[in-house]
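Here is the structure we will look at.
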Amino acid sequence: MDADVIVVGAGLAGLVAAHELTSRGRRVALVDQENAANLGGQAFWSFGGLFLVDSPEQRRLGVKDSFDLAWSDWQGSAGFDRTEDEDSWAVRWARAYVEWAAGEKRSWLAGHGITFLPTVGWAERGDLTAGGHGNSVPRFHIAWGTGTGVVEPFVRYAQQAARDGLLTFHHRHRVDHLIVEDGTARGVRGTVLAPDDSPRGVASSRDAAGEFELTAQAVIVTSGGIGANHDIVRRHWPERLGTPPAEMVTGVPAYVDGRMLDISAEAGVRLVNRDRMWHYTEGLRNWDPIWPGHGIRILPGPSSLWFDALGRRLPSPYLPGYDTLGTLGHLRTADGLVGHDHSWFILTQKIIEKEFALSGSEQNPDITAKDRAGFLRDRVLGKGAPGPVDAFLRKGADFVTAPDLEGLVDRMNGLTDKPLLDAASIRRQIEARDLQMANPYAKDAQIQGIRNARRYIGDRLGRVAAPHRVLDPAAGPLIAVKLHILTRKTLGGIQTDLDSRALGADGTPVEGLYAAGEVAGFGGGGVHGYNALEGTFLGGCLFSGRAAGRAAARQTG
């Protein structure tokens, strides 16, 4: 055989699985359709957020968290409703993951040299119900180094294993078939792609230069999701989210194409929960794109006013940073919005300086470089918007500014094919909101959320602007941001048991075949259910990749 185990996909889950194998002396063939510059895959580009429960960082900030609270939040968000079938393993994966996040996860990460910012973010604040979707407390721990820093130790392990003769890289090898004979995985077969020296993330050639076949005792599929393949996204777009957008921006490189899902199904693997997916509503067209249709997500604080394409303020809980898929569903199903693929933030200079962050390692150079002094200087003590945010404000196609609301709306209408917004209507809505600012209490749910957020020291210091009237000239100029749907994550996929063994159509494991990461719905075919609590995508790759590597090592021992 060519190796003890073949790992298909050199993203984070694949690298973690490879490390678990090579650290136990197993020989690994690591196969990926991209070149060596793309080791780490999509995770390299991420913000580096990780979901942890009752961490020292939380406790230092006065956050009281527990497994019970986190598990309640997870179940309320996931909404598992296929527990006898498609969710049967996903529920078990979910509980195991939350137990890991509340237990060994942080020390395991520290063992790999991964540390965290002292502040903890409060992502997905939820649907405003105790038992529903959302994080009750801040749990979004950002790794020093962002996603690049999370990936780095596992890239280093793989390169060392290659030098030690335990791992062989097969770059520019595209898997077209899983070889399964008599119910047992034997290897992979596919196309050798022509050499391509494109930089990381840039779309590469698909010209064929030959064929290949590799054999092993086991195969682990870690090939990622569907986010760059808009045709597949639309094919599986669920009715509950309304009509698929005609235009979307892409939050992942072009190689996140979903090919291995159908290839796995052809080999007899069971795919589940394909109608579950995670796309953001706060996408921007990147003024400096790397891959085709490159979009960047705003990580918003809670103060921007959100309007649909027709100029109607979004109702609660569809507020910035609260309920991603609920907001997406509203924007795709509300009256009059079919045919309109955008929405709007309206905010002030005061808000953008304090509250705007951009997802992605390249959009956070201070954190990616582990520049602690720079982080403190620019984000906590500094004035003005962070450099990458300011660059979008000056150069981004989706930003307009004006000293007054009428001028702002006029410029907003200039970004659409025909004018859809009425300045007088938007003024009435903003003035009604601004009247709520006169007291430290209010009936407006968004203002209640702002004041609630500022009771948390992490938000008050670095994430939430002091409450103010949007139409206060002293807080200006006014800013509007045209928002697009940004494709990102696959929440369903290959169904696996707790050892990451891929299950066949009859629900029994396919001998020697494993799956981990996004292609497996981050474990079990859908560990998140319908909704993610954020910080759980990288963590899902780590957890499921670790399980797959350990189980395959036991099989091949």
Side-chain angles (χ1 to χ4, degrees), residues 16 46-80 90-147 149-150 299 302 321-323 367 449 452-464 498 522-524 527-529 531-547:
V16 172
S46 74
F47 193 29
L50 289 159
F51 176 94
L52 295 171
V53 177
D54 192 26
S55 69
E57 290 79 11
Q58 288 174 301
R59 293 193 293 271
R60 280 195 292 268
L61 294 166
V63 175
K64 297 178 181 178
D65 201 4
S66 66
F67 167 79
D68 289 337
L69 182 61
W71 181 229
S72 175
D73 286 348
W74 195 289
Q75 293 178 92
S77 296
F80 293 121
V91 173
R92 284 175 270 191
W93 267 95
R95 185 175 179 91
Y97 181 76
V98 178
E99 289 173 346
W100 190 55
E104 182 195 2
K105 182 179 181 180
R106 188 178 182 280
S107 62
W108 184 81
L109 290 165
H112 294 292
I114 297 169
T115 58
F116 301 97
L117 272 65
T119 56
V120 180
W122 195 352
E124 283 298 295
R125 300 176 191 224
D127 64 5
L128 305 180
T129 65
H133 169 57
N135 286 296
S136 298
V137 299
R139 297 191 177 106
F140 193 76
H141 296 66
I142 300 169
W144 282 113
T146 63
V150 175
L299 300 171
Y322 276 71
D323 184 352
I367 305 174
N452 185 44
R454 285 181 61 82
R455 297 176 68 184
Y456 166 51
I457 188 172
D459 274 352
R460 186 170 69 253
L461 289 177
R463 198 71 177 100
V464 182
L498 286 176
F522 302 91
V527 68
H528 299 94
N531 283 289
L533 288 174
E534 293 288 38
T536 55
F537 299 134
L538 290 181
C541 290
L542 295 167
F543 189 53
S544 60
R546 189 179 81 147

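Note that this is a predicted model, so its numbers are computed, not measured.
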(request) Any chance you could measure F47, atom CZ, to F537, atom CZ, to the nearest 0.5 Å? (result) 15.0 Å
(message) Is the shortest side-chain heavy-atom distance between R463 and L299 below 4.5 Å?
(response) yes
(request) Name all residues meeting the side chain to side chain donor-acceptor pair (under 3.5 Å) criterion together with T129; count only those two or more places apart in sequence or in a different chain, and write none if there are none. (result) D127
(message) Is there a side-chain contact (heavy atoms from CB on, under 4.5 Å) between F116 and I142? Walk through the geometry before answering.
(response) CA-CA 6 Å; F116 301 97; I142 300 169; over 6 Å; no
(request) Indicate yes or no: at least one non-hydrogen side-chain atom of L542 is less than 4.5 angstrom from one of L50. (result) yes
(message) Is there a side-chain contact between Y97 and K105 in this structure, where contact means two heavy atoms from C-beta onward sitting under 4.5 Å apart?
(response) yes
(message) Restricting to non-hydrogen atoms, name the atom on G49 and the atom on F140 that form the minimum distance, rounded to 0.1 Å.
(response) CA-CZ, 3.5 Å
(request) Look at the side chain of S77 and the backbone N and O of G134, then say whether any donor-acceptor pair between them is shorter than 3.5 Å. (result) yes
(message) Is the shortest side-chain heavy-atom distance between Q75 and F80 below 4.5 Å?
(response) no
(request) Could you tell me which non-hydrogen atom of F522 sits nearest to which non-hydrogen atom of C541, and how far apart they are? (result) CE2-SG, 3.8 Å
(request) Please name the pair of heavy atoms, one in D459 and one in A453, separated by the smallest distance, quoted to 0.1 Å. (result) CB-O, 3.3 Å
(request) For residues Q58 and R139, report the shortest heavy-atom separation together with the two atoms involved. (result) NE2-CG, 3.7 Å
(request) Keeping the roles fixed (side chain from D73, backbone from N135), state whether a donor-acceptor pair exists under 3.5 Å. (result) no
(request) Specify the closest pair of heavy atoms between L61 and Y456, including all atoms of both residues, with the distance to one decimal. (result) CD1-OH, 3.2 Å
(message) The test is ring pair (Phe, Tyr, Trp, His ring centres under 6.0 Å); show your working for Y322 and H133 and say whether it passes.
(response) CA-CA 9 Å; Y322 276 71; H133 169 57; over 10 Å; no
(message) Among residues at least two apart in sequence or on other chains, which ones pass side chain to side chain donor-acceptor pair (under 3.5 Å) with R106?
(response) E57
(message) Using the salt bridge (charged side-chain N to carboxylate O under 4.0 Å, His left out) criterion, which residues pair with E534? Sequence neighbours excluded.
(response) R297
(message) I need the D65 CG to R59 CZ distance, nearest 0.5 Å.
(response) 10.0 Å
(message) Measuring from atom CH2 of W71 to atom CZ of R95, what distance do you get when rounded to the nearest 0.5 angstrom?
(response) 6.5 Å
(request) Only counting residues at least two apart or in another chain, list the ones meeting salt bridge (charged side-chain N to carboxylate O under 4.0 Å, His left out) with D323. (result) none
(request) Indicate yes or no: at least one non-hydrogen side-chain atom of V137 is less than 4.5 angstrom from one of W122. (result) no
(message) Holding to ring pair (Phe, Tyr, Trp, His ring centres under 6.0 Å), I want the full list of residues that pass it with F51, two or more places apart in sequence or in another chain.
(response) W74
(request) For W93 and A547, work out which heavy atoms get closest and say how close. (result) CH2-CB, 4.0 Å
(message) Rounded to the nearest 0.5 Å, what separates atom CZ in R125 from atom CG in N452?
(response) 8.5 Å
(request) Taking R454 for its side chain and V464 for its backbone only, find out whether a donor-acceptor pair lies under 3.5 Å. (result) yes
(message) Show every side chain to side chain donor-acceptor pair (under 3.5 Å) that has at least one partner inside residues 111-120, sequence neighbours left out.
(response) H112-Y157
(message) For the CZ atom of R455 and the CZ atom of R460, what is their distance to the nearest 0.5 Å?
(response) 10.5 Å
